[in-house]
Structure formats: structure tokens, C-alpha cells
Amino acid sequence: MPNDSFIIVAIDGGAAAGKSSTSRGISERYCLMHVDTGSFYRATTLKLMGAGIAPEEGDALSKGLAALDLGTSVTGNAASITISNWTPDASIRSQKINENVSRYAALPSLREFLLKYQRSQADVAKANGFKGLVMEGRDIGSVIFPDADLRLFLVADPEKRAQRRAKEGIQDSIQARDRIDSSRKTAPLKCPEGATLLDTSDLSLDAVIDTVSKMIDKLIA
Ligand code: C5P
């Protein structure tokens, strides 16, 4: 792959598997735009819950989604979703959202609503002069960018993941979310065929970033 081409790195995995820290590190090292799609599901969940819309298909959901005007703001290497000019803040990481987001994320209409928007982030990255995109989530390598240049699936021991969240001071429903995310019909959480599985349980963040960097170096060599 020539040095000046645009690369797409897809990083999927369960809750607290190390996706965000890894994606951030990689985005800085290679001048890639970092897109955290979990924040999209969190932000839309917050908006839908705020409008009193239950996590079920129907007219209320369709109308609720139609009322959401999506945009993107880029700060440093990170792209953030905006919804009708609201930029999500720490409120999307509250316990209430942790407990409910997977129920909304299982709705085919919500996933369909966010699909094009997620793909459009490649154009946002190009327009902002990035050399590529690193997008993290649950279905990036399987559904959003199945032809990504690099597709990774991160896993880690349940105790290690719980420790990571505790360190961040966040109360999270890690196992419950993974259970719902893995068993939903539309775009379930799973390692896509052909993706590289990386166990981060016993690796420091630097070691994970170095491992992924070696894969990217091979790609752009
Ligand atoms: O990545 P994060 O843990 O913040 O994601 C929050 C939730 O959003 C996940 O538990 C999952 O239900 C949903 N999600 C998803 N597909 C993605 C990213 C996140 O279903 N691509």
C-alpha cells in the first residue's frame, strides 16, 4: 500500500476490552481520525430516553430518530457526534446509560439510522486532512467497514476488564451489556471472519499499541 493512501482500521470488542485507549494511541501515532461509535449509541440512547421513547420498534421510535439531526465536530484527532448542535458530554457514560444502551443498540431501526452516518466519517476524516480512520465499536469490521485495511477484535479476561472500569471510577454493566450485544439478531458482537483476535489481558497499553502498530507498519510499508 503506498504511503499516501487512506487507511481504515476497525477495532471491535466487548466492553472494557481496551478499544478506546488503543484507538486513541493509534490515532495519534498515525494521524488517523478516531471515531468511537459506542458514543453514538450512548448519545442517541440518552436523547431517546429523554424524549420518553421506549427501546422498542414502532412509530414513536421512527419519529424520535427522525428528529435527531446528526453532525460531526473534530477536536484534535477525535471526531465527536453532534445531535442538533448538542455535543455529548460525560452524561453519556452514566450508570443509567450503561444499563440501557444495549437495549436501544439492539433495535434494527437505530442501527440502520446510524449506519450511513458511521460510514460518512471516512469523508469527514479525508476532509480534515487525516491519513485515515480508526473506528471502534462492536460491528465495525463485520458491518460498517467489512473491507477495512485492518480489522481487530480485542478480548480481555472479565477480571481485568472490571479492574479497568474500577480504575476509571465507572460503574459499568460489562457482562450484561456483552450478553445483550452478543445475542442480538442485528450486527451482534462477534469476531468477524478474517479479523485478528488480540487478547489484551496481560498486555500493557503500550504493548497493545506497539503490537497494532507493527500490523499497520506492514500495511503501509
Ligand atoms: O463502546 P461502548 O462500551 O461505549 O458502547 C456502548 C454500547 O453501544 C455497547 O454496549 C453496545 O450496546 C453499543 N454499540 C453497538 N455497536 C457499536 C458500538 C457500540 O451496538 N458499533
Side-chain angles (χ1 to χ4, degrees), residues 8-24 26-27 34-49 55-57 61 65 68 70 72 78-81 83 88-122 133-146 148 151-156 158 160-192 195 200:
I8 296 186
V9 178
I11 303 192
D12 291 305
K19 301 184 301 293
S20 291
S21 317
T22 306
S23 303
R24 258 195 302 273
I26 290 299
S27 76
H34 173 210
V35 183
D36 165 15
T37 62
S39 70
F40 301 173
Y41 285 93
R42 290 171 176 277
T44 46
T45 293
L46 188 143
K47 285 290 181 193
L48 293 170
M49 285 178 80
E56 57 194 32
E57 294 289 345
L61 180 65
L65 291 175
L68 303 180
L70 305 187
T72 305
S80 169
I81 193 169
I83 303 183
D89 51 25
S91 59
I92 64 165
R93 311 213 173 260
S94 70
Q95 196 178 344
K96 192 171 157 198
I97 300 298
N98 282 336
E99 285 169 2
N100 286 282
V101 61
S102 293
R103 297 165 71 206
Y104 286 87
L107 300 169
S109 305
L110 175 55
R111 303 203 73 82
E112 182 63 31
F113 176 72
L114 287 174
L115 184 107
K116 261 200 212 150
Y117 174 73
Q118 289 171 89
R119 289 191 179 146
S120 75
Q121 296 307 295
L133 182 72
V134 53
M135 182 174 276
E136 56 163 305
R138 301 294 186 286
D139 61 344
I140 310 307
S142 56
V143 176
I144 308 301
F145 289 119
R151 294 181 304 152
L152 294 171
F153 193 85
L154 304 192
V155 292
K160 290 277 161 60
R161 298 160 68 193
Q163 279 168 16
R164 286 174 188 162
R165 280 295 187 262
K167 239 184 179 173
E168 292 162 3
I170 294 174
Q171 206 165 356
D172 198 350
S173 333
I174 297 177
Q175 265 122 337
R177 286 205 282 134
D178 278 2
R179 214 172 18 251
I180 304 175
D181 293 343
S182 309
S183 58
R184 69 183 173 221
K185 287 210 178 82
T186 312
L189 165 69
K190 64 164 187 203
C191 182
T200 67

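Indexing begins at 1, ligand by ligand and atom by atom, following the structure's order. Computed from heavy atoms alone, side chains included, the values below leave out hydrogens, waters and symmetry copies. Fair warning: this is a prediction, and the values are worked out from it, not measured in the lab.
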Atoms of ligand 1 under 4.0 Å from any heavy atom of Val101, numbered from 1 in the order shown, are 7 (C), 8 (O)
Item to complete: Could you tell me whether Asp36 and ligand 1 have an N or O pair separated by under 3.5 Å?
Response: no
At under 4.0 Å between heavy atoms, what of Arg138 touches ligand 1? The answer is both
Taking every heavy atom of Ala15 against every heavy atom of Asp178, the minimum-distance pair comes out as N-OD1, 3.1 Å
Would you say Glu136 touches ligand 1, if touching means a heavy atom closer than 4.0 Å? no
Could you check whether Arg111 pairs with Asp139 (Lys NZ or Arg NE/NH1/NH2 to Asp/Glu carboxylate O, under 4.0 Å)?
yes
Quick note, salt bridge (Lys or Arg N to Asp or Glu O under 4.0 Å) partners involving residues 34-43, not counting sequence neighbours, are Asp36-Arg93
Distance col, row Ser39:OG vs Leu46:CG, nearest 0.5 angstrom, shows 12.0 Å
Value for CG (Leu115) from OG1 (Thr186), rounded to nearest 0.5 Å, stands at 11.5 Å
Exercise. Are any of the N/O atoms in Arg184 less than 3.5 Å from those in ligand 1?
Worked result: yes
re atom 12 (O) of ligand 1, the protein heavy-atom contact at minimum distance is Asp181 OD1, 2.7 Å
Separation between OG (Ser102) and CZ (Arg138), nearest 0.5 Å, reads 7.0 Å
query: Mind checking whether Tyr41 has an N or O less than 3.5 Å away from an N or O of ligand 1?
result: no
Short version for Arg103: what comes under 4.0 Å of ligand 1, heavy atoms counted, is neither
May I ask you to check whether Gln121 and Thr72 show a side-chain donor-acceptor distance below 3.5 Å? yes
Looking only at protein heavy atoms, what sits closest to atom 3 (O) of ligand 1 is Arg177 NH1, 2.7 Å
Q) Is Glu168 salt-bridged to Arg165, going by a charged N under 4.0 Å from an acidic O? A) yes
Of all protein heavy atoms, the one nearest atom 4 (O) of ligand 1 is Arg42 NE, 2.7 Å
Nearest non-hydrogen protein atom to atom 18 (C) of ligand 1, with distance, is Thr37 OG1, 3.4 Å
| request: Return a yes/no value for Arg111: is any of its N or O atoms, backbone included, closer than 3.5 angstrom to an N or O of ligand 1? | output: yes
query: Any sub-3.5 Å donor-acceptor pair from Arg164's side-chain atoms to Ala17's backbone N or O?
result: yes
With heavy atoms and a 4.0 Å threshold, my read on which part of Ser102 contacts ligand 1 is both
min-distance protein heavy atom vs atom 13 (C) of ligand 1 -> Ala105 CB, 3.7 Å
